[in-house]
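In what follows, a single structure is set out as structure tokens and then discussed.
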Protein chains: 2
Amino acid sequence: MTALHLKTAEIEKATHSDFFNIAVSVDCVIFGYAEKQLKVLLIKSDLEEFKGMWSLLGDLVRINEDLQEAPYRVLLDRTGLKDVYLEQVHTFGSINRHPSGRVVTTAYYSLINLCNHQPKQMENEVHWHPVNEIQKLAFDHKLILDTCLAQLREKIMEHPIVFNLLGEKFSLRQLQDLYEAILGVELDRRNFRKRITLKNWLVDLNEMEEDVPHRPGKLYKLRTQLKKEYQVAQKQNLEGTLV
Amino acid sequence: MTALHLKTAEIEKATHSDFFNIAVSVDCVIFGYAEKQLKVLLIKSDLEEFKGMWSLLGDLVRINEDLQEAPYRVLLDRTGLKDVYLEQVHTFGSINRHPSGRVVTTAYYSLINLCNHQPKQMENEVHWHPVNEIQKLAFDHKLILDTCLAQLREKIMEHPIVFNLLGEKFSLRQLQDLYEAILGVELDRRNFRKRITLKNWLVDLNEMEEDVPHRPGKLYKLRTQLKKEYQVAQKQNLEGTLV
DNA sequence: GCAAAAGTGTTAATCTTACACCCATGC
DNA sequence: GCATGGGTGTAAGATTAACACTTTTGC
């Protein structure tokens, strides 16, 4: 109440200048899907301390950049993809989690269509790894990966987000394989189709699979409305034009 | 692969010294329950820029303090409570969210028993406010409050956390009132009791309410096992001895 | 015609919702 | 005895889980 206790932001900043010495980073768990496996994009750590180990893609947040913008920048830099699907998951801030100093990191996961991703644009040290074969990562990145995967699993039955991992057209079998890869369980085919149908997420394209060595399945796509809400990623090359 | 690209953490720190200039804070949405209303503990902002406005309780993270420890410290300082129930919710980091400089804040919510909380230990400027009467807060704290409340609502039906807001013993009516206060909806009494019974969270104490102007209800408590998992808060006075 | 996967429906069990009456206590 | 809230059960509907056979295609 009394003005005696009020201080201006300038004064507070001076008083607390000791605190303005933490770095904030973002780390992106970039999921992709290929060969019926959920994959994650990793880079060889460039720190001597973690030589030879893989780590998530991340970067320090710039002083003139919103926290939420940073993971989009990382994604654009590393994959050339813009407007990707991103979710903030958790912030990790143990004192010694980073050997370079006090770095608090906010973890995001992203779902991208791995086919849109041109390896030639990638640095050599960036590779896709099957999620369930990863034992160990640099920093606390294994914990971050596990946390993001758990959150992804919780979300996919309620929200139509996995379509970001697939191409425009897909069969119900492909979709089921994807769900099974993410959840790590087998699903009953009839019940799966019933559940998906009930959610009314899909449009029947009246087209069939081609070049399959068995009876071809029908092709579907995500409803346009939902695509706008949950799947806005577009391919973008380095010049910024849409492909 | 090649050692040419490797750098030590020391070198990286020097390279990136421009980045170690962000402050990280935690903001705590401290929920309590009284008079059949969900309340939140707020403090008068001590910044000139937000003079007269209420804000969440928070503090800057210290350089030798884990991020996750900071909200416990804030809770202990402000309420004298130790081992409270705390959940991290989201991290907010817009460039201009704080007038003192670049402050990225991680939001937590906490559930405490408001009766354990001694007003005399509190600074004068700290008060409980009914959540649904709050229109506006300092900084982006209204957004933080709304985000935490939404997460609390999602969690309470699946996890036995609301018991942190109640005393040791309670009637099913008291519990239902609490759920209704948090969710902002009325619940059917019979269905509510059935749901709670099915979850097997409670132990019947074979005691009855007293001093009520109507038929007294049975009293229950949270099962000991669950109490350990979800409700570890103990009253602690400033000398650190358990009350 | 055979291998491989597509496509489809029913039943039982479970969970959810809506809803009404008698009971115990304080006054 | 009356006002107040405590305590209970059932029926209908919705959702979930388990489960098998016929169809279409490529080879």
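The chains referred to below are lettered A, B, ... by the order of the sequence lines, with proteins before strands, and numbering in each begins at 1.
Looking only at side-chain heavy atoms (C-beta outward), B:His159 and B:Tyr230 come within less than 4.5 Å of each other. A 4.5 Å side-chain heavy-atom check between B:Val126 and B:Thr79 finds every atom pair outside the cut-off. Looking at heavy atoms from C-beta onward, A:Cys28 lies out of side-chain contact with A:Ser110 at the 4.5 angstrom threshold.
As rounded to whole Å, 15 Å separates atom P of D:dT8 from atom CD1 of B:Ile196. When the C1' atom of D:dG5 is taken as reference, atom CG of B:Leu187 falls 17 Å away, rounded to whole Å. Rounded to whole Å, the distance from CZ on B:Phe192 to P on D:dG5 is 17 Å. Following rounding to the nearest Å, B:Asp177 (CG) and D:dG5 (C1') show an atom-to-atom distance of 11 Å.
Counting 5' to 3', DNA chain C first comes under 4.0 angstrom of a heavy atom of chain B and last does so at the ends given by C:dT17 to C:dG26.
Counting non-hydrogen atoms of neighbouring residues, nucleotides and ligands closer than 6.0 angstrom, the CZ atom of A:Arg153 exceeds 12 such neighbours.
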What string of B, S and - do you get for nucleotides 16-27 of chain D, 5' to 3', if B is base contact, S is sugar-phosphate-only contact and - is no contact with any protein heavy atom under 4.0 Å? -BBBB--BBBS-
Using atom types as modelled, flag every donor-acceptor pair under 3.5 Å from a side chain in residues 199-207 of chain B to any protein atom, sequence neighbours excluded.
unit_1   : atom_1 : unit_2   : atom_2 : d
B:Lys199 : NZ     : B:Met157 : O      : 3.1
B:Asp204 : OD1    : B:Asn206 : N      : 2.8
B:Asp204 : OD2    : B:Lys218 : NZ     : 3.0
B:Glu207 : OE1    : B:Lys169 : NZ     : 2.9
B:Glu207 : OE2    : B:Lys169 : NZ     : 3.2

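In this structure, A:Arg193 reaches the bases: a heavy-atom distance under 4.0 Å links it to at least one base atom across the strands shown.
Side-chain contact, A:Ser55 with A:Ser45: no donor N or O sits under 3.5 Å from an acceptor N or O.
Taking the six-membered ring for Trp and the full ring otherwise, A:Phe139 and A:Phe92 have centroids separated by 6.0 Å or more.
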Before you tell me yes or no, could you show the steps for A:Glu229 and A:Arg223 under salt bridge (Lys or Arg N to Asp or Glu O under 4.0 Å), namely the whole-Å CA-CA distance, both residues' side-chain angles and the distance that decides it to 0.1 Å? CA-CA 10 Å; A:Glu229 279 176 63; A:Arg223 280 175 49 209; over 6 Å; no
